[in-house]
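The figures here come from the full heavy-atom set of this structure, side chains too, leaving out hydrogens, waters and symmetry mates.
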Amino acid sequence: MAPDRATHYPVNMSELRLEELSATTIVAANTLTLKPGQEQFVAPVSHSIAEAYVNPATAWPRVVLDGDDVVGFIMGNFDPDSPHDEFRGCIWRMNVAAESQGRGVGRFAVTALAEEARSRGFDQLTVMFEPGELGPEAFFTAVGFTPIGETQYGETIAALKL
Ligand SMILES: CC(C)(COP(=O)(O)OP(=O)(O)OC[C@H]1O[C@@H](n2cnc3c(N)ncnc32)[C@H](O)[C@@H]1OP(=O)(O)O)[C@@H](O)C(=O)NCCC(=O)NCCS
């Protein structure tokens, strides 16, 4: 039987919020666990944090909090001067804790990042991901992305019009 949306989704979506990484949330962000098989589709959060540290002008790393719990991580990259369209406003990486997947946390994080991109004047948000059954393609399609190309390494490039 399909889960009842009203109870399956967070009872109150307004409980979810994005916050900048802080001394309190960084450890929880680094220890978010994924479902078996998903690790191959996303680099560890610690890599993103290191990238954000060396790209402070363009990286936008945020944790997703449900009350006091860190339930996800998302990092955007906003680089209007990039020579590559697909790197100007993009989701660099995101992951939702295994036990919190399927409750709308990922959709909330993408919507918040899309709002940030829109407020910075971007007209599209892009994402790159590995195709594959356990990968995030169905999620990105569900939240409105459509494929626009492929990288030289065979990753799908998808875009969301803002
Ligand atoms: C991809 C990921 C971020 C999705 O997060 P989530 O919180 O589980 O997604 P949501 O609950 O917000 O789902 C939003 C929509 O996507 C759909 N969806 C999510 N995962 C899906 C899947 N594997 N297959 C089909 N649909 C899926 C949901 O059904 C939902 O649709 P609806 O709103 O129309 O009912 C999460 O599964 C994850 O962390 N995966 C591992 C890391 C990864 O692949 N990251 C992306 C690399 S850039």
Side-chain angles (χ1 to χ4, degrees), residues 1-55 59-77 86-87 89-114 116-117 125-160:
M1 201 174 81
D4 174 1
R5 205 179 163 98
T7 53
H8 178 62
Y9 265 53
V11 179
N12 183 356
M13 284 294 282
S14 64
E15 294 279 301
L16 293 175
R17 61 189 196 283
L18 281 196
E19 267 189 15
E20 286 186 44
L21 277 168
S22 68
T24 349
T25 56
I26 202 162
V27 175
N30 261 321
T31 48
L32 284 173
T33 50
L34 294 174
K35 291 188 175 170
Q38 289 182 333
E39 296 84 1
Q40 60 186 304
F41 293 99
V42 66
V45 171
S46 57
H47 290 202
S48 304
I49 295 172
E51 283 165 355
Y53 183 77
V54 295
N55 297 291
W60 198 80
R62 294 291 185 273
V63 289
V64 186
L65 288 164
D66 182 2
D68 290 334
D69 299 329
V70 175
V71 291
F73 174 81
I74 189 163
M75 186 156 97
N77 191 50
E86 63 273 22
F87 293 131
C90 69
I91 299 175
W92 217 338
R93 225 157 259 155
M94 69 178 293
N95 56 308
V96 171
E99 65 277 12
S100 296
Q101 290 183 19
R103 296 170 52 223
V105 174
R107 181 184 283 280
F108 169 82
V110 168
T111 303
L113 182 48
E116 178 68 23
L125 189 64
T126 52
V127 68
M128 275 168 273
F129 53 82
E130 297 268 355
E133 211 183 307
L134 295 174
E137 181 162 11
F139 164 74
F140 285 118
T141 302
V143 298
F145 283 80
T146 48
I148 55 166
E150 204 179 272
T151 68
Q152 57 178 315
Y153 306 107
E155 290 170 312
T156 303
I157 306 173
L160 174 72

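- M94 approaches F139 most closely through the heavy-atom pair SD-CE2, 3.8 Å.
- Side chains of L34 and Q101 form a contact here, defined as non-hydrogen atoms less than 4.5 Å apart.
- Distance CG/D68 to CD/E15: 10.0 Å, rounded to 0.5 Å.
- Shortest non-hydrogen contact noted between L16 and G104 is CD1-O, 4.4 Å.
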Check your understanding: Please walk me through it: do W92 and V127 pass side chain to side chain contact (heavy atoms under 4.5 Å, CB included)?
Key -> CA-CA 7 Å; W92 217 338; V127 68; over 6 Å; no
**Study point:** Residue pair R17, D66: steps toward the salt bridge (charged side-chain N to carboxylate O under 4.0 Å, His left out) verdict
**Key:** CA-CA 7 Å; R17 61 189 196 283; D66 182 2; over 6 Å; no
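- Taking the six-membered ring wherever Trp is involved, the centroid distance between the rings of F41 and F129 does not fall below 6.0 Å.
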Exercise for review: Kindly indicate, with the supporting measurements, whether the criterion side chain to side chain contact (heavy atoms under 4.5 Å, CB included) is fulfilled by E150 and T156.
Suggested key: CA-CA 5 Å; E150 204 179 272; T156 303; 5.5 Å; no
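- Side-chain contact between L160 and V143: absent, with no pair of heavy atoms (C-beta onward) separated by less than 4.5 Å.
- Counting heavy atoms of neighbouring residues, nucleotides and ligands inside a 6.0 Å radius, atom CD of Q40 exceeds 12 of them.
- Of the possible polar contacts, one joining the T141 side chain to the E137 backbone as a donor-acceptor pair under 3.5 Å is found.
- Atom CZ of R93 and atom NE2 of H47 lie 8.0 Å apart (nearest 0.5 Å).
- Under the side-chain contact (heavy atoms from CB on, under 4.5 Å) test applied with L18, the options I74, L65, T111 reduce to a single match, I74.
- From N77, atom CG reaches atom SG of C90 across 5.0 Å, with rounding to the nearest 0.5 Å.
- Checked against V71 for a side-chain contact (heavy atoms from CB on, under 4.5 Å), the options V63, V64, L32 give a single hit: V64.
- Between M128 and F87, the closest side-chain pair of non-hydrogen atoms falls below 4.5 Å.
- In terms of heavy-atom proximity, L113 sits nearest to W60 at CD1-CE3, 3.5 Å.
- Considering every non-hydrogen atom in both A159 and T126, the closest pair reads CB-CG2, 4.0 Å.
- Within the 4.5 Å cutoff, the side chain of T151 has no heavy atoms near those of the E86 side chain.
- The two residues S48 and F73 make their nearest non-hydrogen contact at CB-CE2, 3.6 Å.
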**Study point:** Chi angles and distances behind the salt bridge (charged side-chain N to carboxylate O under 4.0 Å, His left out) call for E116, R62
**Key:** CA-CA 12 Å; E116 178 68 23; R62 294 291 185 273; over 6 Å; no
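- Looking at E39, its side chain never comes within 3.5 Å of a backbone N or O of P36 through a donor-acceptor pair.
- Of the possible polar contacts, none joining the T25 side chain to the L21 backbone as a donor-acceptor pair under 3.5 Å is found.
- Between E130 and P136, the closest heavy-atom pair is O-CD, 4.1 Å.
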